[in-house]
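In what follows, residues are counted from 1 in the order of the sequence shown.
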Amino acid sequence: MLEAARLGFRPILMTSFAFILGVLPLLTASGAGAEARKVMGMTVFSGMLFATVIGVCLVPVLFVAIEKLVEAKGGAAQAPGPKPDLAPRTTDGH
């Protein structure tokens, strides 16, 4: 899990910040309709910034916390095995 987090951290940040920086022209808009663009830009900018922080910081912490809770309650849940064949078997193979 730690290796996956290390590998995924950089692409997540690069994609998020590229999107966030791409919205900056909306924040500095001028001219006709600028106020609507500024409001939309601020909403998208702050929402993506918040989602990036939550995704990078909170999600791994919650994953570890939930994993510890599951281990404390008796181990990881196991998938049920195949159902046993309950049909009576005869000696002639039918």
Side-chain angles (χ1 to χ4, degrees):
M1 189 62 197
L2 289 175
E3 183 65 24
R6 281 189 205 103
L7 289 174
F9 183 68
R10 183 172 174 246
I12 289 170
L13 286 184
M14 287 175 61
T15 305
S16 298
F17 285 127
F19 188 88
I20 290 168
L21 292 175
V23 174
L24 280 180
L26 289 174
L27 292 173
T28 59
S30 62
E35 289 304 314
R37 285 190 207 100
K38 286 180 182 179
V39 170
M40 185 185 337
M42 188 53 147
T43 304
V44 173
F45 179 85
S46 58
M48 274 300 295
L49 197 59
F50 183 73
T52 301
V53 170
I54 293 294
V56 169
C57 297
L58 189 63
V59 170
V61 171
L62 286 176
F63 178 82
V64 170
I66 291 171
E67 194 170 85
K68 285 184 180 182
L69 280 173
V70 168
E71 288 175 2
K73 289 195 177 213
Q78 295 179 357
K83 292 184 179 180
D85 187 14
L86 300 176
R89 296 185 184 259
T90 60
T91 56
D92 62 355
H94 291 102

In terms of hydrophobic clustering (I, L, V, M, F, W, Y; side-chain heavy atoms under 4.5 Å; direct or indirect links), are V53 and F63 co-clustered?
no

Applying side-chain hydrogen bond (donor to acceptor under 3.5 Å, both in side chains), which residue pairs with at least one partner in residues 21-34 are found, sequence neighbours left out?
none

Output side-chain donor-acceptor pairs under 3.5 Å for residues 32-40, partner residues at least two apart or in another chain, one line each.
from: R37; atom 1: NH1; to: A32; atom 2: O; distance (Å): 3.1
from: R37; atom 1: NH2; to: A32; atom 2: O; distance (Å): 3.3

Identify the two heavy atoms, one from V44 and one from V23, that lie closest to each other, and give their separation to 0.1 Å.
CG1-CG2, 3.7 Å

May I ask whether L13 and F19 are part of the same hydrophobic cluster, defined by side-chain heavy atoms of I, L, V, M, F, W, Y residues being less than 4.5 angstrom apart, directly or through others?
yes

If you take all heavy atoms of L7 and P11, which pair is closest and at what distance?
O-CD, 3.3 Å

Please list all pairs passing the side-chain hydrogen bond (donor to acceptor under 3.5 Å, both in side chains) test where one or both residues lie in residues 40-65, with sequence neighbours left out.
S16-T52

In the hydrophobic cluster built from side-chain contacts under 4.5 Å, what are the other members alongside L69?
none

Side chains of F17 and I12, heavy atoms from C-beta outward: is any pair under 4.5 Å?
no

L27: what forms a side-chain contact (heavy atoms from CB on, under 4.5 Å) with it, not counting sequence neighbours?
L24, M42, F45

Side-chain hydrophobic cluster, 4.5 Å single linkage: members besides L58
F50, I54, L62

